[in-house]
Every structure is written in structure tokens, then in C-alpha cells.
Amino acid sequence: MTAKKLGLKQRYAHMTRGLDWETSYQPIDKVFPYDQFEGIKIKDWSAWEDPFRLTMDAYWKFQAEKERKLYAVLDAFAQNNGQTGISDGRYMNVLKLFLTGISPEEYQSHRGFAFIGRHLRGVGPRVAAQQQSLDELRHVQTQIHTISHYNKFFNGMSEFPTMHDRVFYLSVPKSFFDDARSAGPFEYMIAIGFAFEYVLTNLLFVPFMSGAAYNGDMSTVTFGFSAQSDESRHMTLGIEVIKFLLEQHPDNLPIVQKWVDKWFWRGFRLLGLVAMMMDYMLPKPVMSWKEAWEIYFTEAGGALFQDLARYGLKMPKYHEVATEAAEHVGHQLYGLLYQLCHVAGLHAWMPDAKHMDWLSEKYPNTFDKYYRPRFEMWAQMEKEGKRFYYNGLLQLCHTCQLPMTFTEPGDPTTRCFRETQFKGNRYHFCSDGCKDIFDNEPEKYVQAWLPIQQIFQGNCGGPTVPDVLNWYQIKVGVDNAEYVGSEDHKLWESWKQDTAVSKAG
Amino acid sequence: MALKAITPDYEKYTENRDLPELYHGNLMIYVHWEHHISFVAAIALPLPPQTPFGAIKEAIGGVYGPHPDWAKIDWSHAIWKIDGKNATPDFDKSIADHGMGHKSLVRFWTPGLDGYHGSLN
């Protein structure tokens, strides 16, 4: 007699349930020590439902198939010299930002989900977290492989893991994940699974991937497609977790709300780097940050929180502040990069007249009034042979670790300063959102490794700028500073000439 | 302790990486020129507590110097705030004499100078 083939539902039940054993000589709390101290109450772990019902064996099969397709495209891209088909050499700086600032966070995310996949006592979410953990590891690998092709030609990419750990602006994404990974397992799930993967991920992936497509970077687009089906699974895990926690016990609501508030604000600050990329760094822009914010947060996020309102969950605190700031963050952060690219691992440049007109059109209320004049001032300095760089060290926000560049809500001409005292010491913040996060857990944030503070304490290779850049593994005059006249720029111009010659010939 | 941790003695295992004593005897202070918002952020300076307040003007010139307004500043008309309070600094007295400590913030306004073409940049 042949065995009957199991249905999908039965298969899922067999391969994800009943895998645990009852402990006999140790209490179960000692086997799962991490899932209670945060105060979350779970009455029934079996109430967890995974809508994908994905089992490990099916998972391996799907992923292997996707992997084969991706690497076939990458091979073809390399053989056809795909790097010469991008829109402009400046586009490479988008990939440098991605590789140094985002790919290492895929790895951090992998570590975080591996931890969850061990330490939640419900087997359903544990299996889902293990799969996500493997996805994230696959993402970092495929991103490195995709971008490694460009590394054969362009500067600023070869030392990305060291740069991620040391360079000042990369402490922004690094501290975000360090914060999440050093929280308890439920906070991690809300931070990464819900706030990041569900509420904010479209603001990260859609701009980078459509930016790649618009700018002729077909290898990154292919990576994006390969990751897309994983992302939809991650989003589902994020939403299932939050609903599960809110359904399990009413006492969970205030804890979850606080995490949603915190991680929304941290995510919003982190995504400022994407705003800068979208508004200024794509030679062929896709859409403005403000438009992306309206579509993916105001509309999509608004609908999501309307749906969650029946559990008592409210829109994240300061969401109106973030929406108002969508007019400003891209300009403020590109202004930051323009004047600090001499100490960064990538290049910046003056936006040309056509790009400035595009910004005026996208930001009719703010660009001409507040931001065009600063670019005109710097363009004038460039004309005089005195390209402006900020030759000093600067003040950082103690929570998000970005330079304190943001302005007061509703007043883009006044810088925002917030301050708090803890145990006799003073701490500075860029916003009420960042101050609240610190004030809720000061014992955690006083441990922060703030890059400027560390330079002054003598922990970053030496006292001078060249010492610090050397320690960052940024090659001075090669990886950093103005794009125009850089090695990358010269290489790109030489390719363009080759193309012109071969067309003429 | 506001923080929920798996160990009740959490703080015993932590290290504050921003204590004043880590700065080799210097005070890390912040200085910010108001209404010149194009500069990315306030300047961070490590200064010995005996530094005369007036030395701040030279110390920040390396950053602010290239701005067309910088050379036009009349320091006798500058308006100052130290740690959020209005102040009339004595340039010859030390920063410590002005009550400044680790991560004190000095903000100053230069009336009549409104940034590039009056844009506060």
C-alpha cells in the first residue's frame, strides 16, 4: 500500500508543530529565558498562524531556484560589460551607500532573526523567524555578489565591512540594528519585523530598486526581484506578530505601542539617508522623497493603522512631524553629504540646473525658498576655486547618531536642539522623538559608541583627519570628496569617449 | 531603572562611553552660528576648561570662515546663549568661568547678517 500524499495544511502541521519536547529535569523557563522579561503576556502560542505555511524543505527548493536565476543574470551582466550601461558614473555612489549602509544590516537582521528563531517558545513563529534569518543571510550574500562586479571598476566599495563598523554616518544604520538586537525578542520583532519590514520597507526597497531600473543597473534590479518574494513573507510575519501580541492579552497594548512609537521614529531617521539618495543622488530621478512618503507612509501606513485601530493601536507618535519633515530631510541630508564628502567613503557633487528645476517642481513650497540659495552659494564658491567642505567635527544626536542637522518642526530656518540630563551628564538630541527614546531607557543609550566622541577620546586611529580616514580605510583623494575630477569620474568619461569613438567608427 | 532587562543588575554590566573623564582633561563643547543654517551642524570642540571664551571665535573660524558673512561679524554686537540661557560672555575669562561643562552648547546670533542673500543659509 502506498502512503497517501499529505495536503499542504497537513504537511505544514507535521513539519512545524509538535517538534518540541516536555522538559523533565529543567523548568521550561530556563530553556526559553528571554521571552518573558519584556512583560509580554502570551496565553496560547498555538494561536499563531503562518499564512504562507512554508516548510523548510519547500523553502530550500524555492530559494535554490531563485538563486540559479539570479546568478545566471549576474553572469550575463558581467560578460556584457553591464557596468558601462548605467546612466552616469555618479550613480555608483548610490550603490556605495547601499553596500556600506544597508547590506551589513541584512547580516545584522540575519543574526537577530536567528536569535528569535531560537528563543520564542512558540514553534510557529520560531520556524518563520528561522526562515527569515536565512533570507537575510541570502540577501547580504547576493548583494555583495551583485555589487562586487562594480568593485572591479569603481572606488569606495572594497572595505565595506570595516567602513560599516567605523565611519561616522554609517553608525546611523549600525546603531539602529545594534539597538534592536540588544532588545528582547518581542521588541526585536516589533522593531524589525513590524516597524521596519512592514511599515517602512517599501520606502527603502522600492526607491533603490526602481532607482536602479531607471539608471540602467540591471544587476541590482535582478537582485531586487530575487528578494521581493522574501520581502512579502517578511511583511506578513511582521503583521502577524503584531496582531498576535495584541490579541493575546490587553496588557500587551501599551508595551507594543511604545515600541511602535520608538521604532517608527528610529526608522524615519534612518530612512533620511534614502531621502537624500532619492532627491539628489540618482542621475535619473524616480520620484521625490516627499512623493514616496505620501504613497508609502501617509496612504499605505495610514490604511494599516486604521486596520490596527480595532486592537487599540494608534498611529506612531510624531508621525505628523515626520510627514511635515518630508519637505526637508532630503535637502538637509544632501547638504550634509555635499559638505562632508571629504570625510566620507563616497562622492558628492553640485546638482545641475536641470536637477535643481526638478527639485523646485517637486518641492514648490520649500526648495527655492530654503535650499536653492545654499547650493547657489556653494556653486559660487566652486567657481572661485574654493569648493566648500566643513572642516571640523560636529555635534551628533545621542540617539539616532546623525549630525544635529535637522530644523525645528514648522521652522526650517532654526536648528532643533533638545537636551536631557542623566546622572549629572548632559545629552543632546536632534528631535523630541530621539529625546523620548533616550529618556525611556537612558541606561541603554549612555553606552552608545558615538563616532565624534570616540575621535576626541583617541579611539579612532589618531587626532588628525588623515589619521581617522586611514583608520576608516577610506583612501584619501580616491574614495572621498568631490565627484568632478575624481578617478570614478575620469573612468566614466573615458568609457563615454570609447562609446562615442566606436559609434563614429 | 526605567529599562526592562533580563538581569536586575543590568547597569553593572554597562559602560557609559561619553563620561567627561574620557576626554583627557578637555571639555567637549558645541558652538552654533544661528541663521546660517547651511552649515550641517554645531561644531564640536575639545577645549581645556581654562580656555578663554574669546578663543572660541578663532576655533570656529576654520569651519565658518569661508562664509561670505563671516568677515563681516561685529563681535561686540553678537548675542549669546550658553546652555539655553542668555549670556554676556567675557572673552578674557575662561569657559569654565562661564559655567560651561562637558557638552555645553553655545549658540550665537549676529544681528544684521542674515545668510546668503538673506536666506538664513
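Reminder, nothing fancy here: chain letters follow the sequence lines and each chain counts from 1.
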Worksheet item: Less than 4.5 Å apart, any side-chain heavy atom of A:R374 and any of B:I37?
Response: yes

Worksheet item: Considering only heavy atoms, which portion of A:T414 lies under 4.5 Å from any heavy atom of chain B: side chain, backbone, both, or neither?
Response: both

Fill in: Engaged part of A:K386 at the chain B interface, taking heavy atoms whose separation is under 4.5 Å
neither

Worksheet entry | A:N425 side, atom CG; B:N16 side, atom CG - distance, nearest 0.5 Å | 6.5 Å

Fill in: Heavy-atom side-chain proximity of B:H24 to A:F456 below 4.5 angstrom
no

Worksheet item: Which bit of A:Y370 is near chain B, if near means a heavy-atom gap under 4.5 Å: side chain, backbone, both or neither?
Response: backbone

Worksheet item: Where on A:Y34 is there a heavy atom nearer than 4.5 Å to chain B: the side chain, the backbone, both, or neither?
Response: both

Fill in: Heavy-atom closest contact (B:G62 atom, A:N391 atom, distance)
O-CB, 3.9 Å

Practice prompt. Answer yes or no: is there a side-chain heavy-atom contact under 4.5 Å between A:Q395 and B:L105?
Written response: yes

Fill in: Pick from B:G65, B:P46, B:P20 with the largest number of heavy-atom pairs that fall under 4.5 Å of chain A
B:P46

Discussion item. At a 4.5 Å cut-off on heavy atoms, which part of A:L340 comes close to chain B: side chain, backbone, both, or neither?
Written reply: side chain

Worksheet item: Pick from B:G84, B:A59, B:G118, B:S104: which one has the most heavy-atom pairs with chain A under 4.5 Å?
Response: B:S104

Fill in: A:I452 versus chain B, the contacting section by heavy-atom distance below 4.5 Å
side chain

Practice prompt. Enter the distance from B:W33:CH2 to A:R415:CZ here, rounded to the nearest 0.5 Å.
Written response: 12.5 Å

Fill in: Contacting region of B:Y10 [heavy-atom separation from chain A under 4.5 Å]
side chain

Practice prompt. Taking all non-hydrogen atoms of both residues into account, name the closest pair between A:M381 and B:P66 and its distance.
Written response: CE-O, 3.2 Å

Worksheet item: Does A:Y390 reach the side chain of B:I43, with side-chain heavy atoms less than 4.5 Å apart?
Response: yes

Discussion item. Side chains of B:Y23 and A:Q457: any donor to acceptor distance under 3.5 Å?
Written reply: yes

Worksheet item: So do the side chains of B:H67 and A:M377 get within less than 4.5 Å of each other, counting heavy atoms only?
Response: yes

Worksheet item: When rounded to the nearest 0.5 angstrom, what distance separates CD1 in B:I6 from CG in A:D35?
Response: 9.0 Å

Response to the item:
All heavy atoms of A:T413 vs all of B:L120, minimum pair found to be CB-CD1, 3.4 Å

Discussion item. For B:A5, which atoms come within 4.5 Å of any heavy atom of chain A: side chain, backbone, both, or neither?
Written reply: backbone

Worksheet item: Picking from B:H32, B:M28, B:E11, B:H35, which has the most non-hydrogen pairs under 4.5 angstrom with chain A?
Response: B:H32

Worksheet entry | Per-residue contact mode, A:E38 against chain B (heavy atom under 4.5 angstrom) | backbone

Response to the item:
From the list A:Q36, A:E376, A:E187, the residue making the most non-hydrogen contacts under 4.5 Å with chain B is A:E376

Practice prompt. Check whether any side-chain heavy atom of A:Q453 sits under 4.5 Å from a side-chain heavy atom of B:R17, and report yes or no.
Written response: no

Discussion item. Quick check on A:I255 against chain B: is it the side chain, the backbone, both or neither that has a heavy atom closer than 4.5 Å?
Written reply: side chain

Fill in: Pi-cation contact, A:F37 with B:K4 (under 6.0 Å, within 45°)
no

Worksheet item: Just wondering, more than 12 heavy atoms not from B:K57 lying within 6.0 Å of its NZ?
Response: yes

Practice prompt. Please round to the nearest 0.5 Å and tell me the distance separating atom OG of B:S38 and atom CZ of A:F375.
Written response: 10.0 Å

Worksheet item: For B:F39, is it the side chain, the backbone, both or neither that has a heavy atom under 4.5 Å from a heavy atom of chain A?
Response: both

Worksheet item: To the nearest 0.5 Å, what is the distance between CD (A:Q454) and CG (B:D18)?
Response: 8.5 Å

Worksheet item: Which bit of A:F388 is near chain B, if near means a heavy-atom gap under 4.5 Å: side chain, backbone, both or neither?
Response: side chain

Fill in: chain A contact via B:E15 - side chain, backbone, both or neither, heavy atoms under 4.5 Å
backbone

Worksheet item: Nearest 0.5 Å, what's the CD-OG1 distance between A:Q447 and B:T14?
Response: 4.5 Å

Item to complete: With a 4.5 Å cut-off on heavy-atom pairs, point out which of A:Q380, A:Q332, A:K369, A:H398 contacts chain B the most.
Response: A:H398

Item to complete: Please answer whether the main-chain N or O of B:V40 pairs with a side-chain N or O of A:Q339 as donor and acceptor at a distance below 3.5 Å.
Response: yes

Fill in: Donor-acceptor side-chain pairing of B:H102 and A:R426 below 3.5 angstrom
no

Practice prompt. Return the option, out of B:H117, B:R107, B:E34, with the maximum number of heavy-atom pairs under 4.5 Å with chain A.
Written response: B:R107

